Amino acid sequence: MSEKVEVRQTPGRFTPSTITLSASGGTQDLKFFALEVIIYENVLQNCLFADVTIGDSKNLIRELQLRGGGANEKVKVSFQSVYPTRGSSLDFEFVVYGITNRTTKEDREQFYTLKCISEEGYNDSSRVATKRFDGEPQAVLQQIYDEYVSVGKGLDFFGVTFKKPEFVMTANYWSGFRAMNYACKQNAPNLPYMLNVLYFQSDKKNYCTSLSRMRHVYKSSRTLYDYFEYVPNLDSESTNNRPSGYSYIHPFVHPSFNVIRSMSAPNFSDAIHDLNTGFMGTLGIGFDMMKRLPYHMMFDYTPNQAGVPGLPPVAGNKALIKEKFGSFHHLADAGVNPIHDQVKFHPYSNVRMKVGNHNLWDDKEFGYEKKFFYDTVYRDTAISEITRNQVDIMVNGRTDVDLGQLVYLRFPDVGPKGMGFSTGESETEDRKTSGLYQIIGIRHEFKFGDEFDHQMKLECIRDSHEEP
């Protein structure tokens with residue numbers, strides 16, 4: 001009687017259900033040709049990209065008549081995390097727009113990388129909008145998407161609503177992406193959401209929404225994708241390390257799945273960068289070329305908004321926008337402003353100017369009306385905030401993760417431990433950097449061979465701290 005051997009599942013494994021390359025000369029299964037597939041998703045890019053590295057001993061370039069750049073040259077992938085089996089797979093079809101890094105191994109094999117892009121991205125430069133759009137903001141965005149971006153996929157607004165009841169714009173030989181980005185930039189979501197409306201694509205959906213709206217929906221419903229920690233207790237079968245009080249999109253399996261292999265903070269703190277990018281605040285100036293009327297709007301995001309040297313306090317300063325850090329939803333429960341409360345700042349140090357003309361469309365009193373400035377002058381702050389407090393982590397890959405979801409990250413308090421020092425959880429966790437984060441970028445790395453290994457880089461941000 002043979003003894004049954006228990007095979008322990010390892011985190012990060014995946015099954016390549018489908019990976020095919022099609023071109024004019026036919027279709028080829030790439031399971032035995034692919035060496036690595038890297039897929040890039042990010043809220044700051046309008047579409048998906050992928051690199052497919054191939055070890056080719058069949059000369060597929062000749063056999064499939066592969067040239068790179070043809071609309072009929074496509075790579076289709078369907079990958080599923082092996083364990084746990086619950087959760088959605090990663091299914092997507094890319095267009096091959098280039099072939100790079102081609103090398104040969106004697107005369108038996110060649111290696112190259114297929115540069116891939118989503119169909120929306122491939123079509124973007126050939127779908128040009130030159131027309132006037134008007135109507136309710138969401139209807140305008142939907143119209144641009146349907147006519148100049150969509151390839152038959154829906155658009156998810158994630159429940160965001162906009163301040164303006166009506167929006168007017170003219171696209172002047174703009175691509176669909178450019179028109180979408182312009183419309184997003186000009187429309188402010190209803191408070192208490194920041195002006196960070198973006199159009200972006202994940203492998204799951206096409207989104208046009210406010211990141212503030214997404215994080216608030218997930219946080220208010222106490223829903224997280226999962227938690228990850230830098231120093232897990234891998235010998236324990238307990239799930240006590242998982243923060244309580246949340247529901248989790250990804251089913252918790254074992255602490256080994258939640259290991260952070262490495263972490264980095266590209267921009268932990270940089271006051272000069274914050275000043276130059278408009279993160280601390282902005283002065284918006286508008287000018288009507290016909291009426292010669294100027295409009296001034298100042299947005300101050302620093303903790304001491306009323307104490308800017310040389311400016312009257314909020315009550316006596318009509319140009320100072322009343323909204324401040326506390327006017328918006330934030331990830332941390334304490335909602336502490338990451339800007340130092342003693343920072344030196346003046347809104348005049350960062351100026352944005354718009355020139356308008358009243359009766360520009362014969363249905364508006366002013367081409368860039370006062371309400372426009374009020375709603376958009378802090379756009380620089382909102383966009384800078386997306387990458388200002390960013391942490392990048394490498395973790396075991398999973399195919400059901402999506403952009404915009406929340407994760408709880410736990411980092412250790414760097415310092416002496418043991419030998420008489422307290423090692424309780426509250427003392428070993430860095431309470432300033434640990435907490436809720438929002439996923440803004442995913443880099444999937446699928447490696448083929450004897451081990452189908454999947455790891456991913458998560459780019460995570462937070463807009464506030466739990467403590468100063």
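Only a predicted model underlies this, so the values are computations on that prediction, with no experimental measurement involved.
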Evaluate the side chain to side chain contact (heavy atoms under 4.5 Å, CB included) criterion for residues Tyr207 and Leu211: first the C-alpha distance (whole Å), next the side-chain angles of each, then the deciding distance (0.1 Å), finally the verdict.
CA-CA 10 Å; Tyr207 291 100; Leu211 291 184; over 6 Å; no
Would you call the rings of Phe452 and Phe448 parallel, tilted or perpendicular, taking 30° and 60° as the class edges?
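Judged by the thresholds at 30° and 60°, the geometry between Phe452 and Phe448 is perpendicular.
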Tell me whether the rings of His329 and Tyr193 are parallel (<30°), tilted (30 to 60°) or perpendicular (>60°).
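Answer is tilted, since the angle falls between 30° and 60°.
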Beyond-backbone contact of [X] with [Y], side-chain heavy atoms, under 4.5 angstrom:
X: Asn206; Y: Tyr145; value: yes
X: Tyr112; Y: Asn101; value: no
X: Val75; Y: Leu21; value: yes
X: Leu44; Y: Phe200; value: no
X: Ser150; Y: Leu155; value: no
X: Val391; Y: Thr433; value: no
X: Gln390; Y: Asn267; value: no
X: Leu331; Y: Leu406; value: yes

For the residue pair Arg222 and Tyr246, would you count it as a cation-pi contact if the rule is NZ or CZ under 6.0 angstrom from the ring centre and within 45 degrees of the ring axis?
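Geometry flag: set, cation within 6.0 Å and 45°.
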Side-chain donor-acceptor contact under 3.5 Å, [X] with [Y]:
X: Asp51; Y: Thr113; result: no
X: Asp430; Y: Tyr230; result: no
X: Glu385; Y: Asn196; result: no
X: Asn337; Y: Tyr301; result: no
X: Ser78; Y: Asp91; result: yes
X: Asn350; Y: Arg352; result: yes
X: Tyr227; Y: Glu229; result: yes

Indicate yes or no for a side-chain donor-acceptor contact from [X] to the backbone of [Y] under 3.5 Å, with no hydrogens or angles considered.
X: Tyr225; Y: Asp400; result: no
X: Asp124; Y: Phe177; result: yes
X: Glu466; Y: Ala334; result: yes
X: Arg398; Y: Phe257; result: yes
X: Thr277; Y: Ser384; result: no
X: Thr302; Y: Met280; result: no
X: Arg462; Y: Ala332; result: no
X: Asn46; Y: Tyr199; result: yes
X: Ser126; Y: Asn123; result: yes
X: Ser434; Y: Pro412; result: no

For Phe157 and Gln142, run side chain to side chain contact (heavy atoms under 4.5 Å, CB included): C-alpha distance rounded to whole Å, both residues' side-chain angles, the deciding distance at 0.1 Å, then the answer.
CA-CA 9 Å; Phe157 287 92; Gln142 186 69 59; 3.3 Å; yes
[X] and [Y]: which non-hydrogen atoms are nearest, and at how many Å?
X: Ala382; Y: Leu195; value: CB-O, 3.1 Å
X: Arg443; Y: Glu445; value: NE-OE2, 2.7 Å
X: Asp392; Y: Cys460; value: OD1-N, 4.5 Å
X: Phe79; Y: Thr399; value: O-CG2, 3.6 Å

Taking the six-membered ring for Trp, are Phe345 and Phe279 closer than 6.0 Å centroid to centroid?
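So the answer is no for these two rings.
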Less than 6.0 Å separating the ring centroids of Phe328 and Tyr378?
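Yes, the ring centres sit under 6.0 Å apart.
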Other residues, nucleotides and ligands only: do more than 12 of their heavy atoms fall within 6.0 Å of [atom1] on [X]?
X: Arg261; atom1: CZ; result: yes
X: Phe158; atom1: CZ; result: yes
X: Lys344; atom1: NZ; result: no
X: Phe111; atom1: CZ; result: yes

Using the side chain to side chain contact (heavy atoms under 4.5 Å, CB included) rule, take Phe325 and His330 through it: C-alpha gap first, then chi angles, then the decisive distance, then the call.
CA-CA 9 Å; Phe325 183 82; His330 298 287; 3.3 Å; yes
Is any side-chain N of the basic residue among Arg431 and Glu429 closer than 4.0 Å to the acidic one's carboxylate O?
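Salt bridge flag = no for Glu429 with Arg431.
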About how many Å separate [atom2] of [Y] and [atom1] of [X], when rounded to the nearest 0.5 Å?
X: His454; Y: Lys447; atom1: NE2; atom2: NZ; value: 11.0 Å
X: Ile339; Y: His465; atom1: CD1; atom2: NE2; value: 10.0 Å
X: Phe14; Y: Asn396; atom1: CZ; atom2: CG; value: 13.5 Å

Using the rule side-chain contact (heavy atoms from CB on, under 4.5 Å), only one of Val377, Ile383, Thr381 pairs with Arg379; which is it?
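Considering Val377, Ile383, Thr381, a side-chain contact (heavy atoms from CB on, under 4.5 Å) with Arg379 is found only for Ile383.
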Could you work out, with salt bridge (charged side-chain N to carboxylate O under 4.0 Å, His left out) as the rule, every residue matching Lys204, not counting sequence neighbours?
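Lys204: no salt bridge (charged side-chain N to carboxylate O under 4.0 Å, His left out) contacts found.
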Name the residue from Arg388, Lys219, Arg215 that meets the salt bridge (Lys or Arg N to Asp or Glu O under 4.0 Å) definition with Asp463.
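Between Asp463 and the candidates, salt bridge (Lys or Arg N to Asp or Glu O under 4.0 Å) is satisfied uniquely by Arg215.
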Validation: residues 92-100 side-chain donor-acceptor distances under 3.5 Å, sequence neighbours left out:
none

Please lay out, stage by stage, how Leu66 and Gln28 fare under the test side chain to side chain contact (heavy atoms under 4.5 Å, CB included).
CA-CA 11 Å; Leu66 188 64; Gln28 176 65 53; over 6 Å; no
